[in-house]
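One structure is given below, encoded as structure tokens.
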Amino acid sequence: MGVLDTVGVAAAGLLAGAVNAVAGGGTLIVFPALLATGMPALTANVTCSVGLVTGYAGGAFGYRRELTGQAARLRALAGPALLGGLAGAVVLLAAPAGSFRVVVPYLVLVACLLLAGQPRLAAIVARRRASGQAVARRRGGCGVAVTWPTRAGVFVAGAYGCYFGAGLGVLLLGVLGILMPDGLQRTNASKTLLSFGVNAVGIAVFVVSARVAWGFAAVLLLASGVGGVLGARAARLLPAAALRATVTVLGVVVAAVLIATG
């Protein structure tokens with residue numbers, strides 16, 4: 001680990017932690033930085049997943065106010081998210097490189113379309129599930145019932161997130177924003193905590209694989225944690241419409257980069 005490599009990876013981790021707290025896509029900042037050190041692609045991908053987990057944790061801590069009253073929702077979604085993360089991590093280590101990444105840009109673009117149309121579509125969903133909202137409010141206070149399509153979407157997002165994490169936040173925001181209509185800041189808080197769980201499961205698998213570059217991972221763990229806290233604070237100051245536009249634009253950029261480098 002040279003000094004310049006360490007500084008560059010630390011700066012990338014700080015920015016990635018902030019970006020993941022706001023929208024997602026921080027992997028696209030750290031992954032190229034790790035490749036620039038001469039690290040093999042698979043090792044860079046695994047190290048990136050390990051190193052960015054504190055960014056999600058820091059983002060969740062920064063969003064603790066918005067997480068209030070969402071315990072029932074998060075308990076219902078934790079299982080699908082964790083199982084999806086486990087499946088994605090296993091596929092990453094067992095399948096031929098790049099097999100899943102072929103479809104990733106298009107999944108991200110679909111998530112962007114869903115997020116862009118979230119206000120109108122969420123209103124339709126909310127009217128159809130008025131009775132379910134009342135039940136969910138009594139159970140957990142979040143006011144929105146968790147359906148099986150939501151669980152399935154979270155599972156798919158979790159699997160993708162542990163295979164190649166760029167855009168995980170965009171996918172989760174798209175799924176939650178459409179199928180569980182709520183304030184965007186509260187949805188963003190849920191996304192951040194679920195993303196942390198997904199990455200934590202991935203780490204458990206990746207540590208066993210012995211493919212983690214621990215020196216760089218340690219740098220990223222510290223830098224992305226700080227970035228996550230700062231990013232959550234910045235996101236809270238943005239109006240909902242501005243945050244939605246930011247996430248959508250970032251998602252399109254993520255897709256374009258993945259297509260160009262696929």
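This structure is a prediction, so every number in the text was calculated from the model and none was measured. Values reported hereafter were calculated over all heavy atoms of this structure, with side chains retained and with hydrogens, waters and symmetry mates removed.
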Please walk me through it: do Cys162 and Leu86 pass side chain to side chain contact (heavy atoms under 4.5 Å, CB included)? CA-CA 7 Å; Cys162 272; Leu86 177 61; over 6 Å; no
Whether Ser49 side chain and Asn45 backbone form a donor-acceptor pair below 3.5 Å: yes
For Leu168, is there any backbone N or O sitting under 3.5 Å from a side-chain donor or acceptor partner on Ser195? no
Closest non-hydrogen atoms of Ser224 and Thr54, given as atom of the first, atom of the second and distance, are OG-OG1, 2.9 Å
CG (Leu173) and CG (Asn188) are apart, to the nearest 0.5 Å, by 5.0 Å
Grouping I, L, V, M, F, W and Y whenever their side-chain heavy atoms are under 4.5 Å apart, do Phe196 and Val207 come out in a common cluster? yes
If only atom types and distance count, is the side chain of Arg73 paired as donor or acceptor with the main-chain N or O of Val146 below 3.5 Å? no
Find out if a path of hydrophobic residues (ILVMFWY) with successive side-chain heavy-atom gaps under 4.5 Å connects Leu220 to Val7. no
Please walk me through it: do Thr47 and Phe206 pass side chain to side chain contact (heavy atoms under 4.5 Å, CB included)? CA-CA 9 Å; Thr47 301; Phe206 297 149; over 6 Å; no
Could you walk me through whether Thr192 and Leu172 pass the side chain to side chain contact (heavy atoms under 4.5 Å, CB included) test, one step at a time? CA-CA 9 Å; Thr192 303; Leu172 280 174; over 6 Å; no
Val208-Val46 co-clustered via ILVMFWY side chain contacts under 4.5 Å: no
In this structure, would Leu52 and Leu222 fall into the same cluster of hydrophobic residues linked by side-chain contacts under 4.5 Å? no
Heavy-atom pair with the smallest gap, counting every atom of Gly58 and Val229: O-CG2, 3.5 Å
What closest approach, in Å, do Ala213 and Met39 show between heavy atoms, and which atom pair accounts for it? CB-CE, 3.7 Å
Could you state the interatomic distance from CG (Leu82) to CG (Leu194), rounded to the nearest 0.5 Å? 8.5 Å
Quick check: does any side chain N or O of Gln70 sit under 3.5 Å from a backbone N or O of Arg186, one acting as donor and the other as acceptor? yes
Test side chain to side chain contact (heavy atoms under 4.5 Å, CB included) on Leu176 and Val154 and set out the steps. CA-CA 8 Å; Leu176 298 177; Val154 168; 4.2 Å; yes
Residue from Val175, Leu193, Thr150 passing side-chain contact (heavy atoms from CB on, under 4.5 Å) with Leu77: Thr150
To check you understand the geometry: which heavy-atom pair defines the closest contact between Val50 and Ala217, and what is its length? CG1-CB, 4.2 Å
So, taking the atom named CG in Leu34 and the one named CG in Asp5, what distance separates them when rounded to the nearest 0.5 Å? 9.5 Å
For Ala12 and Val30, the nearest pair of non-hydrogen atoms, with its separation, is O-CG2, 3.7 Å
Work out which heavy atom in Val198 is nearest to a heavy atom in Gly158; give both atom names and the distance. CG1-O, 3.5 Å
